[in-house]
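Take a look at the structure set out below.
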Amino acid sequence: LKVSLLGVDQALVDRHGVVSPECAVAMATGVRDLTGSTYAVATTGVAGPTEQEGKPVGTVHVGLCGPTGTSTVALLLAGAREEIAAASVEAALTALLEFVGDTP
């Protein structure tokens with residue numbers, strides 16, 4: 001879905017992987033383009049139970065996109081799969097609030 005729905009370039013995935021800040025930003029940009037929204041947020045990471053792309057469980061990247069540019073937040077979270085997913089959502093929403101607040 002990252003590639004087919006959000007338009008993430010396959011070459012970017014091949015170069016950086018899906019668990020990367022580059023992919024997170026491309027996903028957020030794709031969400032913004034797809035929906036016509038002013039701001040967008042996306043997460044990509046490893047909730048477990050095992051590592052992915054050589055990255056440990058709990059590795060999460062939040063991508064943000066808005067009218068003035070993009071930003072990423074890297075997280076390393078602990079806990080079970082459900083806890084990592086919940087913490088990712090909370091961190092993504094917090095990052096989005098900060099990102100919107102930083103916009104002039």
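This structure is a prediction, so every number in the text was calculated from the model and none was measured. Residue numbers count from 1 along this sequence.
Connection of Val25 to Leu34 is not established within any shared hydrophobic cluster, with ILVMFWY side chains joined at heavy-atom distances below 4.5 Å, either directly or through further cluster members. Following chains of ILVMFWY side-chain contacts shorter than 4.5 Å, one can reach Val100 starting from Val41, so the two form part of one hydrophobic cluster. When the side chains of ILVMFWY residues are joined at heavy-atom separations under 4.5 Å, either directly or via intervening members, Val89 and Leu96 end up in two distinct hydrophobic clusters. Under a hydrophobic-cluster definition in which Ile, Leu, Val, Met, Phe, Trp and Tyr are linked whenever side-chain heavy atoms come within less than 4.5 Å, directly or via other members, Leu93 and Leu75 are assigned to different clusters. Leu77 and Val73 end up in the same hydrophobic cluster when Ile, Leu, Val, Met, Phe, Trp and Tyr side chains are linked at under 4.5 Å.
Between Gln52 and Val18, some side-chain heavy-atom pair lies under the 4.5 Å cut-off. Between Pro67 and Thr38 the shortest side-chain heavy-atom distance falls below 4.5 Å. Side-chain contact between Val57 and Pro49 is absent, with no heavy-atom pair separated by less than 4.5 Å.
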Check against side-chain contact (heavy atoms from CB on, under 4.5 Å), Val13 and Lys2: CA-CA 9 Å; Val13 172; Lys2 290 170 175 62; 5.5 Å; no
Residue pair Leu6, Met27: steps toward the side-chain contact (heavy atoms from CB on, under 4.5 Å) verdict: CA-CA 6 Å; Leu6 299 180; Met27 290 170 60; 3.9 Å; yes
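When Thr44, Val19, Ile84 are each tested for a side-chain contact (heavy atoms from CB on, under 4.5 Å) with Thr59, only one passes: Val19.
For Gln10 (side chain) and Val3 (main-chain N/O), no donor-acceptor pair under 3.5 Å exists by modelled atom type.
Contact between Leu12 and Val8 at its shortest, heavy atoms only, is CD2-CG1, 4.0 Å. Ala42 and Ala28 make their closest contact through CB-N, 3.6 Å (heavy atoms, listed as atom of the first residue, atom of the second, distance). Heavy-atom minimum distance, Val60 versus Ser88: CG2-OG, 3.4 Å. Residue Phe99 comes nearest to Ser71 through the heavy atom pair CE1-CB, 3.7 Å, listed as atom of the first residue, atom of the second, then distance. Taking every heavy atom of both residues into account, Cys65 and Thr70 meet most closely at SG-CG2, 4.1 Å.
Rounded to the nearest 0.5 Å, atoms NE2 (His16) and NE2 (His61) are 11.5 Å apart. Distance check: Lys55 NZ to Leu76 CG gives 12.5 Å after rounding to the nearest 0.5 Å. Taking CD of Glu53 as the start and OG of Ser20 as the end, the distance is 7.0 Å to the nearest 0.5 Å.
With a 6.0 Å radius and a threshold of 12 heavy atoms from other residues, nucleotides or ligands, Glu51 has its CD atom above the threshold.
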